[in-house]
Amino acid sequence: MTPVQPVRGTQSLLGEDADRLSAVVAAFDRVRRLYGFRRVEVPTIEQTQVFARSIGETTDVVSKEMYSFEDRGGESITLRPEFTAGICRAYLSEGWQQFAPLKLATHGSAFRYERPQKGRFREFHQLDAEIIGAAEPQADVELLSLGYQLLTELGIADGVTLELNTLGDPDTREAWRTSLVDYFEGHKANLSEDSRARLQRNPLRILDSKDPKDRDICAGAPSVDEHLTDEASDFFGAVTAGIDAAGVPWKRNARLVRGLDYYRHTAFEFVTDRLGAQGTLIAGGRYDGLVEALGGPHTPAVGWAAGIERLAMMIDAPQRDRPSVVIVPLGQRAEAEAGRVLAGLRREGVAADMGYRGSMKKRLSRANDAGAAYALIIGDDELDRGEAQLKDLTTGEQRSVSLDLIADAIAR
RNA sequence: GCGAUCGUAGCUCAGCUGGUUAGAGCAUCGGUUUGUGGUACCGAGGGUCGGGGGUUCAAGUCCCCUCGAUCGCCCCA
């Protein structure tokens with residue numbers, strides 16, 4: 001019988017690869033506390049309309065790339081493809097509005113039915129940070145600082161660039177869009193086939209086309225700056241002044257866009273060239289229109305999400321967990337005593353382990369493989385004297401230690 | 001959805017233009033050492049060569065289909 005295969009685009013990780021993911025999450029958890037972002041839990045599944053309404057019913061994203069199914073009650077359910085929409089739903093349905101402005105953080109699995117490639121999976125993991133109910137540019141600044149400090153904490157800030165742009169307010173956005181369509185219509189003949197299709201569907205996206213011909217045309221395209229209202233311009237100025245003051249390096253990318261209509265003002269990506277085509281590590285922006293799209297009151301908000309797998313690929317290998325001591329009992333009498341010693345050490349906060357079976361040779365070999373600092377050998381002879389042999393696995397030195405003083409001996 | 005490359009042991013791979021019982025290293029298990037790991041030496045287990053079909057006297061090797069992996073395109077909430 002052939003073994004059961006994993007679902008395409010899912011990962012099962014042991015050892016260093018798993019440690020990398022948890023190191024990223026641990027760093028995020030440290031940093032988000034420093035910034036006062038409260039941990040939230042939201043469901044993995046939501047009613048499909050939570051995502052469909054926020055994204056727009058007709059897009060490819062909704063029709064082809066979500067894991068949606070009908071449950072036994074006939075309800076259309078979707079595995080979350082991201083966190084933002086679910087958090088906004090909770091903000092409305094759980095009455096979190098009373099705590100606004102709210103700084104929230106979470107992390108976990110998300111699901112997208114896409115073709116797997118480097119740094120892209122069908123079940124993947126995200127860090128997520130949101131500020132809901134704040135229209136002030138300081139919220140954007142705080143979120144950008146949080147992202148930068150996370151990258152610094154992970155030791156990868158040097159290889160990452162913050163690309164920043166503004167999409168302006170709705171008036172700005174509409175005016176810019178119109179002039180972009182006019183401009184690209186004029187160059188339609190020279191655009192790539194993909195971009196000609198985008199002209200109908202999502203003209204802003206032409207700006208980040210990878211096609212060299214498109215890029216030349218984009219170089220002469222109207223900039224959002226020409227359409228910024230005074231208010232939008234002031235807002236962007238406040239954001240950039242704020243991150244400059246906070247010491248966050250950034251680069252203007254006037255071609256950075258967001259496809260969905262609910263985005264306003266700030267749009268940004270922390271990118272790297274070290275991960276091939278999937279170079280975006282953290283992506284976010286201001287989404288003042290989203291809560292309204294979910295049926296709530298007008299609510300300004302800004303946030304970002306980061307791909308945990310991508311961050312994990314960037315960092316140095318984390319130190320693996322290793323026991324301080326592995327107990328090696330010899331014989332049945334020793335094994336009973338060893339169980340007491342093991343429990344005692346663990347209660348004292350010493351990372352201690354003991355194999356379930358095996359010869360002394362085997363057990364020592366396992367202790368060595370586990371990276372233990374010490375092996376504690378307990379045999380009948382030692383037991384009679386209330387002692388054990390403590391062996392330093394690095395130096396090979398071994399000495400007798402009283403069973404009551406093992407934790408002290410290891411600490412030294 | 002589209003394109004390219006690739007699937008041989010748990011892992012990394014070798015296997016020439018199709019030709020007897022498919023190999024190595026690492027890992028695992030056992031032994032040299034019944035109370036001493038990391039080193040060394042000896043030995044063992046483990047593969048219907050991703051799956052299915054076809055060509056051929058003969059297929060791991062050639063052809064088709066399929067599944068999967070990798071990288072890219074599309075998409076990127």
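Chain A is the first sequence line, chain B the second, and so forth, proteins listed ahead of strands; every chain is numbered from 1.
The separation of B:C26 from B:C16, taken at their P atoms, amounts to 24 Å, rounded to a whole angstrom. For the C1' atom pair drawn from B:A14 and B:A22, the interatomic distance equals 11 Å after rounding to whole Å. A distance of about 15 Å separates the C1' atoms of B:U12 and B:C6, rounded to the whole Å. Comparing the C1' positions of B:A9 and B:G25 gives a spacing of 12 Å, expressed to the nearest Å. Of the C1' atoms belonging to B:G54 and B:U61, the separation is 15 Å, rounded to the nearest Å. For the P atom pair drawn from B:A58 and B:U48, the interatomic distance equals 23 Å after rounding to whole Å. When the C1' atom is used for both B:A27 and B:G10, the distance is 7 Å, rounded to whole Å. A distance of about 15 Å separates the C1' atoms of B:A4 and B:C74, rounded to the whole Å.
Remark: the A:Gln398 side chain and the B:G35 base include no donor-acceptor N/O pair separated by less than 3.5 Å. A donor-acceptor contact under 3.5 Å is not formed by the side chain of A:Gln389 with the base of B:U36. You won't find any donor-acceptor pair under 3.5 Å spanning the side chain of A:Asn368 and the base of B:G38, going by distance alone.
Nucleotide B:A14 is matched to nothing when pairs are restricted to Watson-Crick or G-U wobble geometry with both distances under 3.5 angstrom.
We find that A:Arg120 and A:Glu309 are not joined by a salt bridge, their nearest charged nitrogen and carboxylate oxygen being 4.0 Å or further apart. The existence of a salt bridge linking A:Glu163 and A:Arg255 is excluded, since no basic side-chain nitrogen approaches an acidic carboxylate oxygen closer than 4.0 Å.
Within a 6.0 Å radius of CD in A:Glu226, more than 12 heavy atoms belonging to other residues, nucleotides or ligands are found. Within 6.0 Å of the OH atom in A:Tyr113, the count of heavy atoms belonging to other residues, nucleotides or ligands does not exceed 12.
Closest approach of A:Gly133 and A:Ala100 over heavy atoms only: CA-CB, 4.4 Å.
Here B:G37 presents its P atom at 7 Å from NZ of A:Lys391, a figure rounded to the nearest Å. Atom CZ in A:Arg366 sits about 13 Å away from atom P in B:G38, given to the nearest Å. Taking atom CG of residue A:Leu376 and atom P of nucleotide B:U36, one finds them 17 Å apart after rounding to whole Å.
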inquiry  = Counting primed atoms plus P, OP1 and OP2 as sugar-phosphate and everything else as base, spell out the protein contacts along nucleotides 69-77 of chain B at 4.0 Å heavy-atom distance: B, S or - for each nucleotide, 5' to 3'.
reply    = S-SBBBBBB
ask   = Once each nucleotide of nucleotides 39-46 of chain B is scored for protein heavy atoms under 4.0 Å, what B/S/- sequence comes out, 5' to 3'?
value = --------
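At the heavy-atom level, A:Lys362 lies under 4.0 Å from the strands shown only through sugar-phosphate atoms. When heavy atoms are screened at a 4.0 angstrom cut-off, A:Glu193 is found touching no nucleic acid atom at all.
Taken from CZ in A:Arg366 to OH in A:Tyr356, the straight-line distance is 11.5 Å, to the nearest 0.5 Å.
For A:Asp381 and A:Asp369, each mapped to the nucleotide of RNA chain B holding its nearest heavy atom, the one lying further toward the 5' end belongs to A:Asp369.
Checking A:Thr172 against A:Asp169 by side-chain atom types alone, a donor-acceptor pair falls below 3.5 Å. No side-chain donor-acceptor contact under 3.5 Å links A:Arg173 and A:His227.
The backbone N or O of A:Leu345 lies less than 3.5 Å from no partner atom in the side chain of A:Glu348, so there is not a single donor-acceptor pair.
The side chain to side chain donor-acceptor pair (under 3.5 Å) test with A:Arg252 singles out one residue from A:Asp225, A:Thr240, A:Thr166, and that residue is A:Asp225.
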